[in-house]
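Below is one structure, written out as structure tokens, with a few remarks after it.
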Number of protein chains: 2
Amino acid sequence: MLATGPVRDGVPEHGRVPKYYAVKARLLALLPELGEGTPLPPERELAADYGVSRATVRQAISELVLEGRLSAHQGRGTFVAQPKLIHPLDLVSYTEAVRAMGREPGRRLVTSEELTPDGELAESLHIGADEKVIHLERVLLTDGEPTGLESTYLPSRRFPTLLDVFDPTESLYRCLQDDLGVVFAEADEQIETALASPREAQLLGTNPALPMLLLHRVSYDADGAPIERVRTLYRGDRIGFATKLRG
Amino acid sequence: MLATGPVRDGVPEHGRVPKYYAVKARLLALLPELGEGTPLPPERELAADYGVSRATVRQAISELVLEGRLSAHQGRGTFVAQPKLIHPLDLVSYTEAVRAMGREPGRRLVTSEELTPDGELAESLHIGADEKVIHLERVLLTDGEPTGLESTYLPSRRFPTLLDVFDPTESLYRCLQDDLGVVFAEADEQIETALASPREAQLLGTNPALPMLLLHRVSYDADGAPIERVRTLYRGDRIGFATKLRG
DNA sequence: CTCCTTGATTGGTTCGGACCAGTTGCGCGA
DNA sequence: TCGCGCAACTGGTCCGAACCAATCAAGGAG
């Protein structure tokens with residue numbers, strides 16, 4: 001299990017334990033014996049069994065869903081979730097990363113357009129505010145399941161033929177390197193937690209309150225010229241990252 | 001503002017927008033003119049103003065708190081939050097990172113003990129299950145504000161004098177290097193989202209449902225021997241990470 | 001046998017109310 | 001004037017009810 005090193009008991013040294021947390025702990029204790037994919041009893045049943053209101057059960061379940069331990073689907077029920085996938089945090093494409101995990105990568109194009117960048121975007125791509133930017137937005141799939149939503153912005157002037165040669169269900173990195181001769185030398189990457197908008201949640205097939213890992217990257221070639229700016233939302237309940245630090 | 005690159009409008013192309021999200025958007029639109037540290041009107045007042053129930057306002061506020069845009073304090077009110085701090089993701093200590101941001105680092109010792117490791121911990125530190133482990137748990141402070149909770153586990157046999165020479169309000173890395181001659185060569189690091197337990201939330205002065213960035217690290221010396229295993233919870237509403245990727 | 005419709009079941013949203021826990025300000029007494 | 005206690009105010013927890021939206025299974029009709 002991902003990063004489950006030693007933890008302290010969750011109960012505060014002082015102060016009371018909220019009811020919903022007690023319910024959460026009881027549900028958590030069920031998971032190992034239930035196993036991946038197993039349905040939990042319905043919320044109304046759990047509320048009756050545990051002698052609390054449904055709202056209290058919902059709060060407990062909500063936290064376990066946020067943590068990626070449960071998976072809730074309106075109309076179907078709540079299930080024990082799969083373990084998180086660990087992606088490498090480095091200059092490889094999503095395709096390569098997923099393949100390295102023995103999983104099947106995929107992508108679904110949402111948006112393909114040319115637009116006028118705002119000041120910040122123009123600045124990070126070192127282009128003028130009057131130049132155009134190619135915007136590609138794709139849902140990232142692992143074994144057919146949406147795990148991320150990626151928005152890539154590239155300078156139109158630098159890649160005038162991109163939309164002609166690029167197949168949006170394939171790796172953009174591969175296309176840039178093999179078809180357009182781009183060399184990725186380095187990238188600046190930022191990571192933070194974020195929530196998805198209802199639109200993003202819909203595209204990812206999740207609830208809007210699910211915390212995401214928001215990755216924000218600007219890639220550069222060997223001359224230090226920006227290649228792309230990428231904003232990627234990964235489902236925090238499904239994805240983690242790993243990297244090796246060197247002194 | 002951290003990683004706020006271009007975003008798509010949050011409204012789904014299909015389907016209705018939940019009331020709480022409309023409230024969220026209205027509140028979000030207030031923030032720029034209000035400015036950091038400004039109190040919002042009380043929940044009950046907002047509910048009356050917006051013509052919704054208090055629960056609906058709470059849900060909207062809750063999401064903005066999760067995202068680090070608002071900061072809610074029981075008994076005091078809800079305030080516009082400070083921007084997130086960006087930490088480097090590399091082999092420097094928390095002290096160095098915070099100082100580099102022009103902020104004042106600090107630590108508060110919570111736990112200092114010697115304990116028997118479980119199988120997983122013993123294995124990652126390359127020690128026998130009958131050996132002891134030093135466990136240090138500290139709250140990490142930035143300008144006096146708790147921003148992280150760090151649990152460090154070190155092999156007792158390797159560092160028999162550690163608890164004698166180490167001042168828990170100072171940098172452990174500095175102590176290991178300067179006082180005990182340790183050389184940090186590399187580390188394996190994992191990042192994922194997590195929720196704090198009520199205890200952890202209490203120590204961090206936050207609410208339990210606040211998403212955290214959970215960092216899990218094992219550091220090694222130049223001979224590849226493990227130095228420490230560290231589990232750090234950072235407040236997702238306050239902290240992000242940055243790194244440079246090289247091809 | 002296949003497809004469509006309906007009803008039951010599931011989780012998601014919203015409401016209003018009550019109560020709890022933490023904070024702050026004001027008034028009164030020493 | 002200062003300190004303490006109380007009341008009002010704030011966000012946090014919990015309840016129950018109603019309604020909405022998605023899913024699924026069973027039955028009926030073609």
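Below, chains carry the letters A, B, ... as their sequence lines are ordered, and counting in each starts from 1.
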Exercise. Check whether any side-chain nitrogen or oxygen of T56(A) sits under 4.0 Å from OP1 or OP2 of dC14(D), and answer yes or no.
Key: no
Between [atom2] of [N] and [atom1] of [X], the distance in whole Å:
X: L46(B); N: dC15(C); atom1: CG; atom2: P; result: 14 Å
X: R58(B); N: dC19(C); atom1: CZ; atom2: C1'; result: 13 Å
X: E43(A); N: dA17(D); atom1: CD; atom2: P; result: 16 Å
X: E45(B); N: dT10(D); atom1: CD; atom2: P; result: 8 Å
X: E63(A); N: dC14(D); atom1: CD; atom2: C1'; result: 15 Å
X: H73(A); N: dA21(D); atom1: NE2; atom2: P; result: 20 Å
X: K19(A); N: dC19(C); atom1: NZ; atom2: C1'; result: 12 Å

Which nucleotide, [options], lies nearest any side-chain atom of [X]?
X: S53(B); options: dG11(D), dC15(C), dG12(C); answer: dC15(C)
X: Q74(A); options: dG11(D), dG12(C), dC15(D); answer: dG12(C)
X: R76(B); options: dT23(C), dC14(D), dG11(D); answer: dT23(C)
X: Y20(A); options: dC15(D), dT13(D), dT23(D); answer: dT13(D)
X: V52(A); options: dC15(D), dT24(C), dG11(C); answer: dC15(D)
X: R54(B); options: dC15(D), dG12(C), dA18(C); answer: dA18(C)
X: A72(A); options: dG12(C), dG12(D), dC15(C); answer: dG12(C)

Quiz item: Going by modelled atom types, is there a donor-acceptor pair between the base of dG11(C) and the side chain of R44(A) at under 3.5 Å?
Solution: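 For R44(A), whose side chain was compared with the base of dG11(C), there is a donor-acceptor pair (under 3.5 Å).
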Quiz prompt | K24(B) with E67(B): basic N within carboxylate O range, under 4.0 Å | solution =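 Salt bridge present between K24(B) and E67(B).
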Exercise. May I ask you to say whether R238(A) pairs ionically with E145(A), meaning some side-chain N is under 4.0 Å from a carboxylate O?
Key: yes
Quiz item: Does L141(B) offer a backbone N or O that forms a donor-acceptor pair with the side chain of Y94(B) under 3.5 Å?
Solution: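 The answer is yes, because a donor-acceptor pair under 3.5 Å joins these two groups.
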Quiz item: Quick one: do the H73(B) and T78(B) side chains pair a donor with an acceptor below 3.5 Å?
Solution: no
Practice problem: Find which nucleotide of DNA chain D each of G75(A) and Q59(A) is nearest to by heavy atoms, and output the residue with the more 5' nucleotide. | Solution: Q59(A)
Practice problem: Report yes if the side chains of L214(B) and T232(B) come closer than 4.5 Å at any heavy-atom pair, otherwise no. | Solution: no
